[in-house]
Amino acid sequence: MTEKKLHIGSLVESAFNQSNKTKTEFANAIGIANQNLNREFKKEDWSVIKLIKAGRFLNHDFSYLFTLGEPIKSKPKVLVQIEIEDKKVNDVLKIVNDNDLLYSIIKQK
């Protein structure tokens, strides 16, 4: 697996440039002097705390930087609540276990 090279300063600068914030406001929000902001953007590596502060101030989600590889795509979960007669419980459970519930519902319509 090849690792993608990240330059955190560039990513944050890009998010900053898309905001309507001033450099002074941003520098204060992340706890650095205004005159050091350009130097901070040139840094490849940022502390997590500073990145969180930047994200909050810019209203930008940098959490994608912390994923390991491709994001996991999970199947959507569906909760179905139905009321059935006691004598039909086993029939319904059989249909659910056979993964044929949707087909059965469509077929009944």
Side-chain angles (χ1 to χ4, degrees):
M1 178 172 93
T2 59
E3 284 193 30
K4 194 175 187 181
K5 189 82 169 165
L6 292 175
H7 192 288
I8 306 300
S10 293
L11 295 172
V12 174
E13 183 177 24
S14 176
F16 169 75
N17 288 336
Q18 294 174 24
S19 74
N20 60 353
K21 310 291 185 181
T22 68
K23 285 188 172 187
T24 301
E25 292 171 328
F26 184 61
N28 288 336
I30 64 172
I32 64 169
N34 184 24
Q35 62 268 26
N36 294 333
L37 188 57
N38 287 332
R39 184 179 315 137
E40 202 68 29
F41 286 148
K42 290 179 183 175
K43 288 184 181 178
E44 186 176 322
D45 191 18
W46 278 40
S47 74
V48 173
I49 299 299
K50 197 176 292 180
L51 188 59
I52 290 170
K53 288 178 180 180
R56 284 182 180 158
F57 181 76
L58 298 172
N59 196 26
H60 185 86
D61 183 8
F62 290 108
S63 65
Y64 67 92
L65 297 172
F66 300 101
T67 60
L68 302 174
E70 293 295 316
I72 298 171
K73 295 179 182 176
S74 61
K75 293 181 181 178
K77 295 182 180 181
V78 177
L79 177 63
V80 178
Q81 184 175 355
I82 59 173
E83 187 174 329
I84 56 174
E85 299 171 24
D86 289 341
K87 63 184 181 183
K88 293 186 178 182
V89 170
N90 287 334
D91 293 338
V92 171
L93 290 176
K94 182 182 181 310
I95 292 170
V96 171
N97 286 335
D98 290 342
N99 292 323
D100 206 11
L101 181 61
L102 182 59
Y103 176 74
S104 296
I105 293 171
I106 293 171
K107 189 170 127 181
Q108 290 176 7
K109 286 187 176 184

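Residues Glu44 and Leu6 share a closest heavy-atom pair of CG-O, 3.4 Å. Closest heavy-atom contact between Glu25 and Lys21: OE1-CA, 3.5 Å. When all heavy atoms are compared, the tightest approach of Thr22 to Phe16 is O-CE1, 3.6 Å.
A chain of hydrophobic side-chain contacts below 4.5 Å, direct or via other Ile, Leu, Val, Met, Phe, Trp or Tyr residues, connects Tyr64 to Phe66. Val48 and Phe57 end up in the same hydrophobic cluster when Ile, Leu, Val, Met, Phe, Trp and Tyr side chains are linked at under 4.5 Å.
Proximity of Phe62 to Val12: side-chain heavy atoms (C-beta onward) are separated by under 4.5 Å at one or more points. Counting heavy atoms from C-beta on, the side chains of Leu58 and Gln18 never come closer than 4.5 Å. Between Ile84 and Asp91, the closest side-chain pair of non-hydrogen atoms is not below 4.5 Å. Looking at heavy atoms from C-beta onward, Lys50 lies in side-chain contact with Ile32 at the 4.5 angstrom threshold. Side-chain contact between Lys43 and Ile8 is absent, with no heavy atoms from C-beta onward closer than 4.5 Å.
Counting non-hydrogen atoms of other residues, nucleotides and ligands closer than 6.0 Å to CG of Asn36 gives a total above 12. The neighbour count for Asn59 CG, taken as heavy atoms of other residues, nucleotides or ligands under 6.0 Å away, does not exceed 12.
Here the CG atom belonging to Leu51 is positioned 9.0 Å from the NE2 atom belonging to His60, to the nearest 0.5 angstrom. Put simply, CD on Glu13 and NZ on Lys42 are 9.0 Å apart, with the number rounded to the nearest 0.5 Å.
Taking the six-membered ring where tryptophan is involved, the planes of Trp46 and Phe41 are essentially parallel, since the angle between them stays under 30° and well short of 60°.
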